[in-house]
Amino acid sequence: MKKKITVLGSGLVGAPMCVDLAKESHFEVTAVDINRDSLKKLEKENSLIKTIQEDLSETEKLKELIKPCDLVISAVPGYMGFQTLKSVIEAKKNVVDIAFFSEDPFLLDILAKRNEVTAVVDCGVAPGMSSILVGHVHQLLDETHNVLIYVGGLPEVREWPYEFKAGFSPIDVIEEYIRPACFIENGRLVVKPALSEPELIHFPGIGTLEAFNTDGLRTLVKTIAAPNMKEKTLRYPGHIEKIVLLRETGFFDKKKITVNGAKIRPIDLTARLLFSKWKLNGNDRDMTAMMLIVEGKKAEKRLRYTYELMDRHDPSTNTHSMARTTGYTATLVLRMIAQGLYKRKGVSAPEFIGSEPECVKFMLEGLRERGVIYKESIEIVNDER
């Protein structure tokens with residue numbers, strides 16, 4: 001019997017997830033979105049995918065809509081994410097979530113356990129696969145000492161003025177620039193502004209990139225006992241200065257202001273204006289770069305695990321890299337739940353998956369089959385540091 005999969009959101013990441021899942025003959029895939037144009041485009045790409053136009057912010061309609069399905073993927077914008085996830089759990093549906101919401105997902109853990117739901121959150125590339133790999137190395141080591149993550153999505157062609165393209169909702173990109181960054185330093189939780197502590201780092205095949213603090217560790221600050229953990233976002237040099245100028249001028253403010261008698265939130269206007277500048281169009285080529293370093297001790301040896309990702313737009317399917325690296329992580333996790341490989345009830349952070357070797361193997365092999373390759377290296381580090 002076919003399993004019915006409902007994907008909430010059919011945008012830049014949601015649509016490729018639908019296409020990937022529809023390749024399975026035992027899945028029946030339905031895409032739901034308020035944007036009819038996105039749904040029409042998806043229908044043309046794969047006629048087997050069912051589409052429904054609906055406002056997903058209406059929780060009761062959402063619950064009714066997903067009632068017939070077996071599993072759900074939530075790819076809604078971050079500001080809708082927490083409430084959408086709560087509604088799906090209340091409907092007693094297993095769910096994989098990639099929404100970048102600010103609320104603590106573990107607030108829904110009791111509800112998910114009571115409803116016997118498996119809910120995997122933050123299930124993209126980073127957070128997501130980055131957290132899975134941190135969790136994997138953490139369970140291999142006797143002690144985890146340092147975690148450092150560099151990650152970013154970039155256009156292959158640098159175009160003035162921003163030299164940036166968004167692989168997902170612009171409003172969620174802006175959230176990266178205004179949400180305080182939480183990290184662990186010398187065993188203490190530290191909170192600093194996004195875009196702080198800039199540094200330059202060289203990536204083979206790309207060149208010099210700019211790295212800055214963002215709130216990408218997410219659940220790792222609670223679940224992994226390591227004295228030092230930090231995540232930084234990558235952009236082309238000069239990006240920080242432009243974004244800080246917008247932020248400090250007030251373009252990202254959420255409090256309404258009055259302009260010619262109309263009340264608007266500056267962030268809404270900014271997102272609308274930036275959308276045309278940042279939107280990844282069909283012929284735009286992008287890439288995703290990540291370097292993840294985890295250091296710790298095993299049997300009195302100090303080890304360093306490094307994972308590197310350099311992924312590019314797939315011309316054979318015309319799928320953007322950010323959609324591949326984010327979306328395929330989520331669809332593979334959904335497959336594990338569907339197959340019964342991952343069974344943990346409650347709210348699961350991605351690092352929980354990383355603690356199960358068979359799941360990590362499934363993820364890495366599945367991503368490799370789709371051309372998304374994480375290169376692993378392990379080295380012994382001199383203790384005199």
Side-chain angles (χ1 to χ4, degrees), residues 11-21 23 75 96 98 100 122-134 136 148-158 163-169 172-173 176 201-211 214 216 231-236 239 278-294 305-335 350 353-354 360-377:
L12 289 170
V13 180
M17 288 196 293
C18 291
V19 173
D20 181 59
L21 291 169
K23 293 176 182 177
V96 178
I98 67 168
F100 188 65
D122 280 346
C123 202
V125 59
M129 197 59 201
S130 60
S131 309
I132 289 174
L133 294 173
V134 171
H136 172 58
L148 181 58
I149 304 166
Y150 293 102
V151 62
L154 301 158
E156 287 193 1
V157 177
R158 300 173 62 172
E163 299 179 327
F164 172 71
K165 294 288 184 177
F168 45 93
S169 167
D172 284 343
V173 178
E176 290 187 346
I201 182 169
H202 179 78
F203 266 76
I206 303 178
T208 300
L209 297 176
E210 195 170 63
T214 44
E231 189 257 18
K232 288 193 166 186
T233 291
L234 299 169
R235 296 285 187 265
Y236 288 121
H239 190 79
W278 287 359
K279 184 181 179 181
L280 265 174
N281 295 307
N283 295 323
D284 289 333
R285 296 178 179 270
D286 70 322
M287 51 191 173
T288 307
M290 183 196 295
M291 181 165 59
L292 185 155
I293 303 166
V294 183
Y305 285 76
T306 302
Y307 289 90
E308 295 178 272
L309 171 71
M310 184 63 247
D311 186 76
R312 295 179 185 272
H313 169 275
D314 181 1
S316 65
T317 60
N318 198 28
T319 306
H320 292 119
S321 174
M322 185 54 65
R324 288 159 42 80
T325 56
T326 298
Y328 296 161
T329 302
T331 58
L332 285 165
V333 170
L334 182 132
R335 285 177 170 89
I353 293 171
V360 176
K361 180 182 178 182
F362 182 94
M363 294 296 299
L364 290 174
E365 289 181 353
L367 288 168
R368 180 177 290 275
E369 288 172 3
R370 290 160 176 77
V372 179
I373 300 170
Y374 288 85
K375 296 180 180 179
E376 179 193 66
S377 61

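No side-chain heavy atom of Met17 sits less than 4.5 Å from a side-chain heavy atom of Leu334. Side-chain contact between Thr319 and Val19: absent, with no pair of heavy atoms (C-beta onward) separated by less than 4.5 Å. Between Val157 and Arg285, every side-chain heavy-atom pair lies at or beyond the 4.5 Å cut-off. No side-chain heavy atom of Met291 sits under 4.5 Å from any side-chain heavy atom of Leu148. The side-chain heavy atoms of Glu376 and Tyr305, taken from C-beta on, include a pair separated by under 4.5 Å. Counting heavy atoms from C-beta outward, Phe203 and Met287 have side chains that stay 4.5 Å or more apart. Within the 4.5 Å cutoff, the side chain of Leu12 has no heavy atoms near those of the Met322 side chain.
At distances below 3.5 Å, at least one donor-acceptor pair connects side-chain atoms of Tyr236 with backbone N or O atoms of Pro155. In this structure a side-chain-to-backbone donor-acceptor pair under 3.5 Å is missing from Thr214 to Glu176.
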Q: In sequence, state the C-alpha distance, the side-chain angles, and the governing distance for Arg324 and Asp286, and then conclude on salt bridge (charged side-chain N to carboxylate O under 4.0 Å, His left out).
A: CA-CA 11 Å; Arg324 288 159 42 80; Asp286 70 322; over 6 Å; no

Q. Would Leu364 and Leu133 count as a side-chain contact (heavy atoms from CB on, under 4.5 Å) if you check the C-alpha gap in whole Å, the side-chain angles of each, and the deciding distance to 0.1 Å?
A. CA-CA 10 Å; Leu364 290 174; Leu133 294 173; 4.2 Å; yes

Q: Any chance you could lay out the side-chain contact (heavy atoms from CB on, under 4.5 Å) test for Met290 and Ser130, step after step, and finish with the verdict?
A: CA-CA 9 Å; Met290 183 196 295; Ser130 60; 4.0 Å; yes

(Q) Quick one, Met129 with Thr325, criterion side-chain contact (heavy atoms from CB on, under 4.5 Å). Give me CA distance, side-chain angles, the key distance, then yes/no. (A) CA-CA 9 Å; Met129 197 59 201; Thr325 56; over 6 Å; no

Q) Going through the distances and angles, do Val134 and Ile149 end up as a side-chain contact (heavy atoms from CB on, under 4.5 Å)? A) CA-CA 9 Å; Val134 171; Ile149 304 166; 4.3 Å; yes

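Minimum heavy-atom separation, Leu332 to Leu367: CD1-N, 3.5 Å. Heavy atoms only, all atoms of each residue included: Ala289 and Ile206 are closest at CB-CD1, 3.8 Å. The heavy-atom pair separating Arg235 from Leu154 by the smallest distance is CA-CD2, 3.6 Å. In this structure, Pro127 and Gly216 approach most closely via the heavy-atom pair CB-O, 3.7 Å. Between Val173 and Ala166, the closest heavy-atom pair is CG2-CB, 3.8 Å. In plain terms, the two heavy atoms of Ile98 and Cys123 that are nearest each other are CG2-O, 3.3 Å.
Taking a 6.0 Å sphere around CZ of Arg368, one finds it holds 12 or fewer heavy atoms contributed by other residues, nucleotides or ligands.
Under the 30°/60° scheme for interplanar angles, the aromatic rings of Trp278 and Phe164 are found to stand perpendicular.
Salt bridge absent: Arg370 and Asp311 never bring a charged side-chain N and a carboxylate O closer than 4.0 Å.
A side-chain hydrogen bond (donor to acceptor under 3.5 Å, both in side chains) with His313 is found for one member of Asn318, Thr288, Asp284 and no other, namely Asn318.
Here Glu156 contributes atom CD and Ser321 contributes atom OG; the two are 9.0 Å apart, rounded to the nearest 0.5 Å. In this structure, CG in Leu21 is found 10.0 Å from OH in Tyr328, a value given to the nearest 0.5 Å. Annotation: the span from Leu292 atom CG to Glu308 atom CD amounts to 10.5 Å, rounded to 0.5 Å. Between the OH atom of Tyr307 and the CD1 atom of Ile132 there is a distance of 11.5 Å, given to the nearest 0.5 Å.
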